[in-house]
Amino acid sequence: MAAEDPRPLGNAAIAKRLASLAQLMAIRKENPFKVRAYRRAAARIRSVAESLEQMVHDGGDLTRFAGVGEGVAAAIREIVLTGSLAKLERLREESPTGAAGIGDYPRLDLRRVLRVYKKLGIDSIEELRERLESGAIERQFGARMAQHIAQGIDEPRAMLLYHADALQAALEAFILDDAAVKRVEAAGAWRRRVEIVEDLVFLVETDDFPALARRVQRFGGDTPLVAQASGRATFKLAAGILLHLCHEDPAHWGLGLIRCTGSGPHLRKLHAITGSFRELAASPESFADEAAVYARFNLDYIEPELREGRDEIERAGSHSLPTLVTAADIMGELHAHSTSSDGAHSIQDMAGAARDRGYRYLGMTDHSQSLKIARGVSVADLWAQIRFIDNLNERLADFRILKSSEVDILEDGSLDYPDDLLAELDYTVCSIHSRFGLGRDAQTERILRAMDNKHFNILGHATGRLLLKRPGYEIDIGRLVDHAKQAGCFFEINSSPDRLDLSAEYARIAALAGVKIAVSTDAHSTREFPLIRCGIDQARRAGLEKSSVINCLPWEDLARLFRRA
DNA sequence: GCCGTTTTCGGCCCGACTGTTTTCAGTCG
């Protein structure tokens, strides 16, 4: 016993075993739903605050975690009680050379890796890494494959803000549970609402910081401490991102919160005005909150979403910061799908849910005819849908369903419906769903041509990016913004947590040029309307005011904007 | 293996398009 590693069995280690099992089962082409179940469970476990090991010893109910049923619970118990998982060990032994190694890299797609193995005549992750670094994989298999391997071979170091929200809440509750902790506030990129975060930062006030640092190491069973200094500690979370704790006393809370919130560029510009925070902290003045710090230097309070080191400090000095748009300003939804195409709920149900949120209108933007996989609506069916919505609207008071479509922009820049049909719609959202590989110039030309159609109103998810998955096609945002401005077109901030497209940077460029933006959810079910908050976060990071967001307008005003000459 | 306003079974996106890794696997929502 004495020689054994005293480290507790963390949830990350348990999740890793389950993910490896899934990977090896996939190699053997076992039931793909079973494989997915193990993968899902592993992912869920990585953000659980309690120690699963402890729960097993205490006889706790593991199945209360979504995605963990009797089967996975039994596997977790086996891992905790015996230190291994018999099925995993067996599959490892039975797996062909090379395949077993892939089991340790659950983010690698097996079929792709095995193809690379075969073609290059290799059979280990080490050789795979070598070929990746030498550029052999990119040369022989292309950039996409190289990117996939690079992503899968390294530990994840970032997560979507949307997923980080739950982890942040779990951590905050865990920290507050410490009796010595008097106050805790989340800072960092999470507070600035950056769409992808690589760490979570908490500012804490406590009587015993070292004790808190010890306690946090038990989050999720085992959260290793990777660095420590006076009043600061850094941990590696099971989800792959880092956790920073910073101690601060009440008199300097505002200074600490600004410092921990960042960003680096914001702080550098700020320090040029304020001098070092260290000296401020040494002065007898109190900086109990952030506003006090900014005010001391005649700066207005700067919302965290704006702290990226652009022009926010100058504007705070000239008292001309924007009044950022909020979710409460949104009057309606302009991008949503129903069962007419690939949505989960009927037009009536979607409208009911939108109305329950207090919206005044909902645009039904089902996919257009070319997008077969999403059950794109045929010309005849869209005519029928137009009449159907007209009928519904006659029976609705104080709410309007807008006749629309998410119209595919075809490869030649034409729109996916004839003009006489488009003319019957209240407005259109036009998007690219195919031929992502055209290249920057061709893609830009394609969209410019589409904008020349007078029935084009809003450009949907302008770059097609999927965060942490796919970079999106390149566009010349400057040309598109100019053209949109001239033609009277608008952009969209798509609120899907893995899109958030336009980016804050592009949205800012559009808004500065006077091109207004729709903040939309792209909801495929009634449950997705609340995702608007993710798009609002992005809009705020772009510095957008209510006046720059078209769906902050009542429909009557919006209708005028959509009528192009 | 998980799940349930479809609840103890039967689903769990899927199917057309694309193209060079070339006739199947990757990709799009």
Side-chain angles (χ1 to χ4, degrees), chain A residues 18-19 21-22 25-26 30-45 62-76 78 85 87 109-120 131 136-149 335-346 349 352-353 365-378 405-411 416 429-438 460-461 463-466 469-473 494 496-499 501 520-528:
Chain A
L18 296 178
L21 177 61
M25 284 167 66
E30 290 192 27
N31 182 346
F33 297 111
K34 224 183 253 197
V35 172
R36 197 191 304 162
Y38 277 112
R39 287 203 174 123
R40 248 199 332 250
R44 175 69 186 94
I45 285 170
L62 299 168
T63 64
R64 71 183 169 84
F65 301 114
V68 178
E70 279 310 320
V72 172
I76 293 172
E78 187 187 337
L85 187 57
K87 180 163 184 188
D109 180 73
L110 286 165
R111 285 176 307 175
R112 288 203 249 185
V113 174
L114 290 176
R115 214 164 79 233
V116 173
Y117 275 15
K118 197 169 161 190
K119 189 117 181 174
L120 298 180
R131 305 300 169 97
I137 291 184
E138 172 147 13
R139 275 195 305 280
Q140 268 191 280
F141 300 92
R144 273 201 128 115
M145 176 70 96
Q147 194 200 1
H148 168 73
I149 306 266
H335 188 164
H337 299 265
S338 74
T339 45
S340 297
S341 62
D342 60 348
H345 296 112
S346 69
D349 288 348
T365 53
D366 280 302
H367 287 290
S368 62
Q369 53 184 343
S370 288
L371 203 64
K372 306 286 188 208
I373 182 165
R375 298 197 301 277
V377 180
S378 70
S405 169
E406 183 177 11
V407 187
D408 261 58
I409 299 172
L410 303 179
E411 185 174 1
D416 196 22
V429 175
C430 301
S431 310
I432 283 181
H433 292 121
S434 61
R435 304 303 311 272
F436 278 32
L438 282 186
H461 46 70
T463 75
R465 73 175 182 178
L466 290 180
K469 264 190 227 146
R470 177 177 87 192
Y473 43 82
N494 188 296
S496 304
D498 62 347
R499 285 193 184 272
D501 182 13
S520 304
T521 60
D522 201 353
H524 281 66
S525 83
T526 55
R527 293 180 299 270
E528 290 173 24

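Residue numbers start from 1 in every chain, and the chains themselves are labelled A, B, ... in the order their sequence lines are given, proteins ahead of strands.
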What nucleotide, of [options], holds the atom closest to the side chain of [X]?
{"X": "Ala37(A)", "options": "dA16(B), dC2(B), dT18(B)", "answer": "dC2(B)"}
{"X": "Leu466(A)", "options": "dG29(B), dC2(B), dC3(B)", "answer": "dG29(B)"}
{"X": "Ile373(A)", "options": "dG19(B), dC28(B), dA16(B)", "answer": "dC28(B)"}
{"X": "Val72(A)", "options": "dG29(B), dC12(B), dC2(B)", "answer": "dC2(B)"}
{"X": "Arg36(A)", "options": "dG29(B), dC12(B), dT18(B)", "answer": "dC12(B)"}
{"X": "Asp342(A)", "options": "dG1(B), dG29(B), dA16(B)", "answer": "dG29(B)"}
{"X": "Lys34(A)", "options": "dT18(B), dG29(B), dG1(B)", "answer": "dG1(B)"}

Report the distance from atom [atom1] of [X] to atom [atom2] of [N], rounded to the nearest whole Å.
{"X": "Arg375(A)", "N": "dG15(B)", "atom1": "CZ", "atom2": "P", "result": "10 Å"}
{"X": "Leu120(A)", "N": "dT21(B)", "atom1": "CG", "atom2": "P", "result": "13 Å"}
{"X": "Leu410(A)", "N": "dC17(B)", "atom1": "CG", "atom2": "P", "result": "13 Å"}
{"X": "Leu62(A)", "N": "dG1(B)", "atom1": "CG", "atom2": "C1'", "result": "15 Å"}
{"X": "Phe33(A)", "N": "dC2(B)", "atom1": "CZ", "atom2": "P", "result": "15 Å"}
{"X": "Lys372(A)", "N": "dG15(B)", "atom1": "NZ", "atom2": "C1'", "result": "11 Å"}
{"X": "Asn31(A)", "N": "dG11(B)", "atom1": "CG", "atom2": "P", "result": "14 Å"}
{"X": "Asp408(A)", "N": "dT27(B)", "atom1": "CG", "atom2": "P", "result": "19 Å"}

For dG29(B), take OP1 and OP2 only and decide whether either is under 4.0 Å from a side-chain N or O of Arg470(A). yes
Side-chain N or O of Arg40(A) less than 4.0 angstrom from OP1 or OP2 on dC3(B)? no
Would you sort out whether Ser370(A) and Asp416(A) count as a side chain to side chain donor-acceptor pair (under 3.5 Å), showing the intermediate values? CA-CA 7 Å; Ser370(A) 288; Asp416(A) 196 22; 2.7 Å; yes
Heavy atoms under 4.0 Å, any strand shown: does [X] hit a base, just sugar-phosphate, or nothing?
{"X": "Arg39(A)", "answer": "nothing"}
{"X": "Ala41(A)", "answer": "nothing"}
{"X": "Glu70(A)", "answer": "sugar-phosphate"}

Need to verify one output field. Residue with the more 5' nearest nucleotide on DNA chain B, His337(A) or Ser370(A)? Ser370(A)
If each of Phe436(A) and Val68(A) is mapped to the nucleotide of DNA chain B with the nearest heavy atom, which maps nearer the 5' terminus, i.e. the 5' end? Val68(A)
For dT8(B), which nucleotide in any strand shown is its Watson-Crick or wobble partner with both distances under 3.5 Å? none
Kindly indicate whether the side chain of [X], heavy atoms from C-beta on, has any atom under 4.5 Å from the side chain of [Y].
{"X": "Asp342(A)", "Y": "Leu371(A)", "result": "no"}
{"X": "Gln369(A)", "Y": "Val377(A)", "result": "no"}
{"X": "Leu120(A)", "Y": "Ile137(A)", "result": "yes"}

Quantified in whole Å, what is the [atom1] atom distance between nucleotide [N] and nucleotide [M]?
{"N": "dT18(B)", "M": "dC12(B)", "atom1": "C1'", "result": "27 Å"}
{"N": "dT5(B)", "M": "dG1(B)", "atom1": "C1'", "result": "23 Å"}
{"N": "dC3(B)", "M": "dT8(B)", "atom1": "P", "result": "16 Å"}
{"N": "dA25(B)", "M": "dT21(B)", "atom1": "C1'", "result": "9 Å"}
{"N": "dG11(B)", "M": "dT20(B)", "atom1": "C1'", "result": "36 Å"}
{"N": "dT22(B)", "M": "dG26(B)", "atom1": "C1'", "result": "13 Å"}
{"N": "dC2(B)", "M": "dT7(B)", "atom1": "C1'", "result": "13 Å"}
{"N": "dC13(B)", "M": "dG29(B)", "atom1": "C1'", "result": "10 Å"}

Does any donor atom in the side chain of Ser431(A) or Glu406(A) lie under 3.5 Å from an acceptor atom in the other side chain? yes
Give a yes or no on whether the backbone of Leu466(A) and the side-chain of Asp498(A) come within a donor-acceptor separation of less than 3.5 Å. no
Given the rule in the side chain to side chain donor-acceptor pair (under 3.5 Å) test, do Asp349(A) and Thr526(A) qualify, once you have shown the distances and angles that lead to the verdict? CA-CA 7 Å; Asp349(A) 288 348; Thr526(A) 55; over 6 Å; no
